[in-house]
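As structure tokens, the structure follows; a few thoughts come after it.
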2 protein chains.
Amino acid sequence: MTNVKIAEIAALLGDPGRAAMLTALMDGRALPASELASLAGVMPQTASGHLAQLVAGRLLIAEPQGRNRYYRLASSQVAQTIEALMVLAGDGASRGTRVPKELREARTCYDHLGGRLAVALADKLQDRGFLVLTEEAGEVTPKGRDFLAELGVTLASAKKRQRALCRACLDWSERRPHIAGLLGTALLNRSLELRWIARAAESRAVTITPRGRRAFAETFGIRF
Amino acid sequence: MTNVKIAEIAALLGDPGRAAMLTALMDGRALPASELASLAGVMPQTASGHLAQLVAGRLLIAEPQGRNRYYRLASSQVAQTIEALMVLAGDGASRGTRVPKELREARTCYDHLGGRLAVALADKLQDRGFLVLTEEAGEVTPKGRDFLAELGVTLASAKKRQRALCRACLDWSERRPHIAGLLGTALLNRSLELRWIARAAESRAVTITPRGRRAFAETFGIRF
DNA sequence: TGAATGTTTCGGCCCCGACCGAAATTTCGT
DNA sequence: ACGAAATTTCGGTCGGGGCCGAAACATTCA
């Protein structure tokens with residue numbers, strides 16, 4: 001039955017060490033085994049075993065580079081599954097573990113933005129009629145396309161694109177939708193290019209630069 | 001850390017017995033403990049333990065009714081997580097377990113339709129301009145609203161609705177999107193009302209009645 | 001070629017959790 | 001009130017899997 005395969009995959013996600021590795025890779029980057037080991041808080045041998053399982057289970061892809069092996073998430077569907085689990089984990093977390101402030105403020109969510117900033121961005125784009133976004137779905141309006149082009153955010157217009165142009169992703173800390181899909185990726189990349197935000201060194205957290213703070217206020221009316 | 005909570009929840013999904021119970025509840029119904037026990041293939045005591053864990057983990061809700069206790073999924077987010085896992089499980093299943101034909105044809109997916117019928121429905125509604133639906137997102141057009149109203153499918157128009165009006169759900173057997181959200185639920189319910197489809201007794205499969213076969217052909221141009 | 005670094009394999013320990021039998025508990029029907 | 005049915009609790013067994021130490025393997029650099 002399919003149930004068994006589901007259980008197998010869920011079991012892979014069900015170990016604290018492996019879960020730590022996977023969430024560390026949620027920003028889409030690839031990390032070497034040793035780093036994942038220390039993130040998971042286990043010895044390298046143990047981590048190696050975990051990583052082998054995750055690769056065998058098609059959750060990770062390994063890319064040898066020199067004497068390191070870099071691991072990254074196998075697909076955006078893996079990221080979506082982890083995201084779904086984060087939402088569930090957040091449910092009970094009202095009374096429970098606290099989410100670090102920086103992560104709640106702004107972070108990467110696989111290949112797009114998450115956190116308060118991302119939710120605000122989604123809200124403002126809707127308010128101005130650039131985006132239609134119900135709780136979990138979305139579409140860019142023609143007016144929105146112009147606005148985004150002016151920002152320097154260009155979107156592939158091909159009809160037969162593989163990925164969704166714009167997808168809503170339920171933010172696990174804010175419990176409100178933010179923007180994923182091609183548009184989400186484009187917004188993240190453009191914001192990085194313009195130095196409105198910068199990736200933190202050791203976490204998925206993203207810091208808003210002073211310039212970014214100004215820009216988000218002027219361009220979108222977002223104030224923190 | 002949040003990782004730990006993720007792992008806890010994933011571990012709950014990571015047991016074959018519990019996974020079987022959860023997938024059995026994916027159609028949104030509530031089932032008594034004894035039935036879930038036999039579905040999972042374990043003794044009632046064992047099932048009782050599993051169910052207690054699932055309730056404690058907020059994945060299930062128990063409703064005592066007489067001397068039975070009925071269990072159902074705690075939220076649509078739980079269903080979404082399981083659906084995401086099914087997609088991952090399906091990835092490797094190209095060479096692996098076969099999906100029963102009836103399930104691939106048409107089935108319930110928590111509170112909406114899944115399978116070939118559902119994917120065809122989504123396609124046809126798009127072709128006619130009643131729906132905008134990129135790979136993972138969607139919105140109903142005004143024209144579509146009229147068409148649906150004529151079918152007898154009425155949608156709450158409240159701006160502040162809790163659930164998404166229309167959401168795309170990646171079909172795990174077809175690997176293409178079908179319609180979820182309020183619209184998905186409404187379409188399922190109306191199709192049942194009109195006796196176009198009927199629930200199978202012991203599975204999530206749905207059978208298309210002769211009347212339904214005619215109606216889907218006439219109304220949507222869907223032929224099997 | 002030899003040392004250093006990153007990663008994997010092997011072997012053994014140990015704990016957690018799934019499982020079932022037996023029995024207690026709750027609720028319904030009569 | 002009593003027996004039947006559904007469920008839960010308790011106690012004990014057992015297997016799978018995570019963990020680490022030691023050592024082997026791979027790759028880079030001097």
Side-chain angles (χ1 to χ4, degrees), chain A residues 1 3-25 29-72 74 202, chain B residues 1 3-25 29-72 74 202:
Chain A
M1 293 299 289
N3 313 333
V4 180
K5 294 217 59 167
I6 290 179
E8 280 173 17
I9 297 199
L12 287 176
L13 296 160
D15 174 81
R18 286 191 297 261
M21 295 176 180
L22 289 164
T23 57
L25 295 169
R29 278 179 310 180
L31 294 175
S34 53
E35 190 152 345
L36 291 169
S38 83
L39 281 167
V42 294
M43 293 279 102
Q45 322 89 290
T46 305
S48 176
H50 284 313
L51 291 167
Q53 289 184 64
L54 291 170
V55 169
R58 316 243 181 190
L59 297 186
L60 291 187
I61 290 176
E63 323 185 298
Q65 269 176 37
R67 55 185 157 189
N68 293 320
R69 285 188 76 180
Y70 283 80
Y71 293 88
R72 61 181 172 79
E202 294 294 331
Chain B
M1 290 299 287
N3 312 334
V4 181
K5 294 216 60 168
I6 291 179
E8 281 173 17
I9 298 198
L12 287 176
L13 297 160
D15 174 83
R18 287 191 296 261
M21 294 177 180
L22 288 165
T23 58
L25 296 170
R29 278 178 311 180
L31 295 175
S34 52
E35 189 151 345
L36 291 169
S38 82
L39 281 166
V42 294
M43 293 278 102
Q45 321 90 290
T46 305
S48 176
H50 285 313
L51 290 167
Q53 289 183 64
L54 291 170
V55 169
R58 315 240 180 193
L59 297 186
L60 291 186
I61 290 176
E63 322 184 301
Q65 268 176 38
R67 56 185 154 187
N68 294 322
R69 286 188 75 178
Y70 283 80
Y71 293 88
R72 59 179 174 82
E202 292 295 329

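Chain A is the first sequence line, chain B the second, and so forth, proteins listed ahead of strands; every chain is numbered from 1.
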Would you give a per-nucleotide map of nucleotides 4-11 of chain C, 5' to 3', where B means the base has a protein non-hydrogen atom under 4.0 Å away, S means only the sugar-phosphate does, and - means neither? BBSSBB--

Closest heavy-atom contact between [X] and [Y]?
{"X": "A/A62", "Y": "A/P64", "answer": "O-CD, 3.8 Å"}
{"X": "A/A37", "Y": "A/P44", "answer": "CB-CA, 4.1 Å"}
{"X": "A/E63", "Y": "A/R72", "answer": "OE2-NE, 2.9 Å"}
{"X": "B/L39", "Y": "B/A24", "answer": "CD1-CB, 3.7 Å"}
{"X": "B/N3", "Y": "A/A19", "answer": "O-CB, 3.8 Å"}
{"X": "A/L25", "Y": "A/Y71", "answer": "CD2-O, 3.3 Å"}

Nearest 0.5 angstrom please: A/L59 CG to A/L13 CG, how far?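 Answer for the CG-CG pair, A/L59 versus A/L13, is 5.5 Å.
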
Counting only side-chain N and O atoms of A/H50, is one of them less than 4.0 Å from OP1 or OP2 of D/dC19? yes

Closer than 3.5 angstrom, by distance alone: can the side chain of A/D15 be matched with the main-chain N or O of A/G17 as a donor-acceptor pair? yes

Distance-only, no hydrogens or angles: does the B/R18 side chain make a donor-acceptor pair with backbone N or O of A/A7 under 3.5 Å?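 Not a single qualifying donor-acceptor pair exists.
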
Would you mind reading off the distance between B/M43 atom CE and D/dT9 atom P, rounded to a whole angstrom?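 Atom CE in B/M43 sits about 18 Å away from atom P in D/dT9.
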
Taken to the nearest whole Å, CD/B/E63 to C1'/D/dT7 is 16 Å

Report for the helix from C/dT1-D/dA30 to C/dT30-D/dA1: angle between first-end and last-end helix axes, five pairs each, rounded to 10 degrees.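 About 30°, once rounded to a multiple of 10°.
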
Reckon A/Q65 touches a base, only the sugar-phosphate, or nothing at all at heavy-atom distances under 4.0 Å?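 Counting heavy atoms under 4.0 Å across all strands, no contact is made by A/Q65.
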
What residues in residues 11-19 of chain B put a non-hydrogen atom under 4.0 Å from any atom of DNA chain D? none

Among A/L54, A/L36, A/L12, which residue meets the side chain to side chain contact (heavy atoms under 4.5 Å, CB included) test with A/L22?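 Running side chain to side chain contact (heavy atoms under 4.5 Å, CB included) over A/L54, A/L36, A/L12 with A/L22 returns exactly one hit, A/L54.
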
